[in-house]
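No hydrogens, no waters, no symmetry mates; every other heavy atom, side chains included, goes into these values.
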Amino acid sequence: TKQLLEKSQQQAEELSSQEEMRQNMEELQATQEEAARREREMSYIIDTLDTTVGSIEMDLEGKITKVNTKYAEMAEMNKEDIEGKKLTDFMDQQKAQSKEFKKVWEELRKGNKHAGGHQYIFNQKEKWFHETFSPIKDQNQQIIKILVFSTDISYVRQLEEENKKLKNK
């Protein structure tokens, strides 16, 4: 009777352990399914952003390391002709050397965001982009790059200039 009781208790423990493992496997499967769903959702969001908003990634010195297709379209250039260059290569050099521009970079390096309209020259053609610069941090909270989202506001700036000319007549 004692042996049967011990054997019964052992089997009960094994069944309990198996049931616990089964529950853990179900939870793991549910977690994996949720992670896959979120990954698909994030992929869709990134694809949507990639086709509607220009983006570039830069190192902390302003060197462009990655350009999305939309940004290249807005600049009317190939990605390869933008990547590897500094953002200042596409700016009026007086503005690139200004105190205001240097202050923006100091703030970015401190982890602060910056947003505003900026003028660039791509292939000798003036472009105006409204941009948001966001410092990106790693798991240790160290800033590793700057992510920039851009929209082309050249047409708006052109209309503003034409409006000024009309007012001055």
Test: salt bridge (Lys or Arg N to Asp or Glu O under 4.0 Å). Region: residues 142-159. Which pairs qualify, not counting sequence neighbours?
E57-K145, K127-D152, R157-E160
Check ion pair K103-E100 (N to O, under 4.0 angstrom)
no
In the hydrophobic cluster built from side-chain contacts under 4.5 Å, what are the other members alongside I121?
none
Closest approach of G117 to I153 (non-hydrogen atoms, all atoms of both residues):
CA-CD1, 4.4 Å
Side chain to side chain contact (heavy atoms under 4.5 Å, CB included) for M42 and E39? Distances and angles first, verdict last.
CA-CA 5 Å; M42 287 303 296; E39 186 177 334; 5.8 Å; no
Inter-residue atom distance S154.OG - K125.NZ, 0.5 Å rounding:
8.0 Å
Could you give the distance from NZ (K70) to OG1 (T151), rounded to the nearest 0.5 Å?
10.0 Å
Check: H118 and H130 side chains under 4.5 Å, non-hydrogen atoms
no
Which residues share a side-chain contact (heavy atoms from CB on, under 4.5 Å) with T51, sequence neighbours left out
none
Cationic N near anionic O, under 4.0 Å, R22 to E19:
yes
Rounding to 0.5 Å, atoms CD (Q18) and CD (E13) come to a distance of 12.5 Å
E83 and K66 ion-paired at < 4.0 Å
no
Whether R38 and E41 form a salt bridge (side-chain N of Lys/Arg under 4.0 Å from carboxylate O of Asp/Glu) is what I want to check.
no
Give, for atom CD of E20 and atom CG of N24, the distance between the pair rounded to the nearest 0.5 Å.
5.5 Å
To the nearest 0.5 angstrom, please state how far the OG atom of S134 sits from the CG atom of L147.
6.0 Å
E107/K110 salt bridge by N-O under 4.0 Å criterion
yes
Do the side chains of Q119 and K95 get nearer than 4.5 Å, heavy atoms only?
yes
Which ILVMFWY residues are connected to V67, directly or by a chain of links, through side-chain heavy atoms under 4.5 Å apart?
I56, M58, L60, I64, Y71, M74, M77, I82, L87, F90, M91, F101, V104, W105, L108, Y120, F122, F129, F133, I143, I146, V148
Other than M21, which residues form its hydrophobic cluster under the rule that side-chain heavy atoms must be closer than 4.5 Å?
none
List, by chain and number, the other hydrophobic cluster members for L166, where Ile, Leu, Val, Met, Phe, Trp and Tyr join if side-chain heavy atoms come within less than 4.5 Å, directly or indirectly.
none
For Q29, run the side-chain contact (heavy atoms from CB on, under 4.5 Å) check against E27, E33, E26, M25 and tell me which one passes.
E33
Within this structure, what is the CZ-CZ distance for the pair R40 and R37, rounded to the nearest 0.5 Å?
8.0 Å
E126 and W128, any side-chain heavy atoms less than 4.5 Å apart:
yes
